[in-house]
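All ligand and atom numbering here is 1-based and tracks the order in the structure.
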Amino acid sequence: QVDELKEVESIVPSYACQRRTTLENHNTVFTDALSLLAENAELSDEDGRGVAFRRAAAVLKALHSPVTDLLQLRGLPCLGGHSLRVIKDVLENGASSEVECTKQSERFKALKVLTGIFGVGAKTAERWIREGIHSLPQLQDSAHTLNRAQQAGLEHYDDLNQPVTKAEGDAIGEIVEKAVMSVLPGAQITLIGGFRRGKLTGHDVDFLITHPEEGREVGLMPKVVSWLESKGFLLYQKTTRNSYLESKDGPARPSSNMDRFERCFSIFKLPEDAKEGTKQTETLTEETPEDTGRLTTPSLVRDEGSESTKRANLKPWRAVRVDLVVSPISQFAFALLGWTGSKLFERELRRWAGHEKAMSLSSHALYDNTQSKYLRASSEEEIFAHLGLEYIPPSERNA
Ligand code: GTP
Ligand code: MN
Ligand code: MN
């Protein structure tokens, strides 16, 4: 028995950062169900439950074949009673009644629609729902003043809720490259986030920028943003300062997961012809079919193009969410690891570091609490080695 358990555990260890999780998922029917419950929990301020469902889903993502019988799950980690009930329901009935019920609930639908607006989090959506606002027209008719991010989010709602393709990501990459090279030749740009993990689509495009000479990257972000703005590539941007360097006693022990890099949340205006070379035919022929139960809000908000232009899909550009992060070269490996994801993989890395190694990992540094010192690293491989973990390449961090 014990040997059997050990064997299973060696195949599926309990921390996601100990496992190789590719994009090839043999159990989507289960992981989709669990992910939806995770999302619902997260939107309902129940993060603990959310993580539990995410961990359960991640275990199933790591399996090499489809689950066809509950007995196959014996000895697997992270599968709590609730998750097992969901899996059982799917196995026996083809769907989980709890998932179906959640999907159809007015509350969940409203939370999805409202948090689908860039700049609107679960808390805000919750507040609006309590006031009876369940849809975008209701929000627009309400007297609520939206902040700048939310205004932009509402204005570009359809574009921002359409997945970004790799081709579009590459086109954005070329623009970012041009911007960075114009203001600081010699700087380096790395694609991070989901696209670095090999995903074919994403909700945004993420880039990490650094310079091989420490310090040369200081003040880079405002210059890049100005360049982009002057060329008309930005529909929205909010840059936040790096406060990490500002503490006078040197780097403080990384205590929170809050990011302290210079970073920019933005919405790009991507010209259609900018992705000509790499364009997939699907972006051309997209006809906006009846969305699968998702709300459609064509022409909700007045846009530069006329209604007919929009409907004919002739708008010569599209809005794309882009995240830019600037890191000094000394922290580059930590930033790269911390921003490549997946979110669960990152969370598990930090949990492993804290619980198993008495270390604190952030996107800036790794601190060893036992030795009371920082552990340096100039590559992701070195960080995994410090943590006593086998190196997992980005394409296998899709937990
Ligand atoms: P898609 O964009 O949907 O393809 O997924 P993604 O994996 O790229 O997610 P996202 O762009 O939201 O985040 C990319 C990575 O950056 C993830 O690993 C996140 O954990 C990380 N990340 C996002 N926001 C923050 C932040 O504020 N601070 C830090 N340190 N990391 C963040
Ligand atoms: Mn991303
Ligand atoms: Mn992002």
message: Applying side chain to side chain donor-acceptor pair (under 3.5 Å) to Ser44 and Arg107, what does each step give before you reach the verdict?
response: CA-CA 10 Å; Ser44 307; Arg107 203 188 112 77; 2.8 Å; yes
task: Could you walk me through whether Glu356 and Tyr15 pass the side chain to side chain donor-acceptor pair (under 3.5 Å) test, one step at a time?
output: CA-CA 10 Å; Glu356 305 294 330; Tyr15 287 83; 2.7 Å; yes
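Minimum-distance N/O/S atom of Asp206 relative to the Mn ion (ligand 2): OD2. The atom of Asp204 that is an N, O or S and sits closest to the Mn ion (ligand 2) is OD1. Closest N/O/S atom of Asp323 to the Mn ion (ligand 3): OD2.
For the pair His144 and Arg127, the minimum side-chain heavy-atom distance is 4.5 Å or more. In this structure, Arg321 and His156 have side chains that are not in contact, with every pair of non-hydrogen atoms separated by 4.5 Å or more. A 4.5 Å side-chain heavy-atom check between Phe384 and Leu337 finds at least one atom pair inside the cut-off.
Residue-ligand proximity: Arg263 is placed with a non-hydrogen atom under 4.0 Å from ligand 1. Residue contacts with ligand 1 do not include Arg321, since none of its heavy atoms lies under 4.0 Å from the ligand.
Between Thr340 and ligand 1, no pair of N/O atoms sits closer than 3.5 Å.
Within 6.0 Å of atom CG in Leu200, 12 or fewer heavy atoms from other residues, nucleotides or ligands are found, so the atom counts as exposed in its surroundings. Atom CZ of Arg347 is surrounded by 12 or fewer heavy atoms from other residues, nucleotides or ligands within 6.0 Å.
Side-chain N/O atoms of Glu217 and His211 include no donor and acceptor closer than 3.5 Å.
Residue contact check: Arg197 has heavy atoms under 4.0 Å from atoms 7 (O) of ligand 1. Shown in contact with Ser363 at under 4.0 Å from a heavy atom are these atoms of ligand 1, numbered in order with element: 30 (N). Shown in contact with Lys343 at under 4.0 Å from a heavy atom are these atoms of ligand 1, numbered in order with element: 9 (O), 10 (P), 12 (O), 19 (C), 20 (O). Taking every heavy atom of Gly338 and a limit of under 4.0 angstrom, the matching atoms of ligand 1 come to 18 (O), 21 (C). Atoms of ligand 1 lying under 4.0 Å from any heavy atom of Lys199, numbered from 1 in the order shown and given with element: 1 (P), 3 (O), 4 (O), 5 (O). Less than 4.0 angstrom separates some heavy atom of Asp206 from each of these atoms of ligand 1: 8 (O), 11 (O). Shown in contact with Asp204 at under 4.0 Å from a heavy atom are these atoms of ligand 1, numbered in order with element: 2 (O), 11 (O).
With distances taken over non-hydrogen atoms, the option nearest atom 17 (C) of ligand 1 out of Gly194, Gly202, Pro163, Gly341 is Gly341. Closest heavy-atom approach to atom 31 (N) of ligand 1 within the set Phe195, Phe334, Trp339, Phe265: this belongs to Trp339.
Heavy atoms from both the backbone and the side chain of His203 come within less than 4.0 Å of ligand 1.
Here the straight-line distance linking atom OG of Ser360 with atom CZ of Arg350 works out to 11.5 Å at 0.5 Å rounding.
Between Cys17 and Phe345, the shortest heavy-atom contact is CA-CE1, 3.5 Å.
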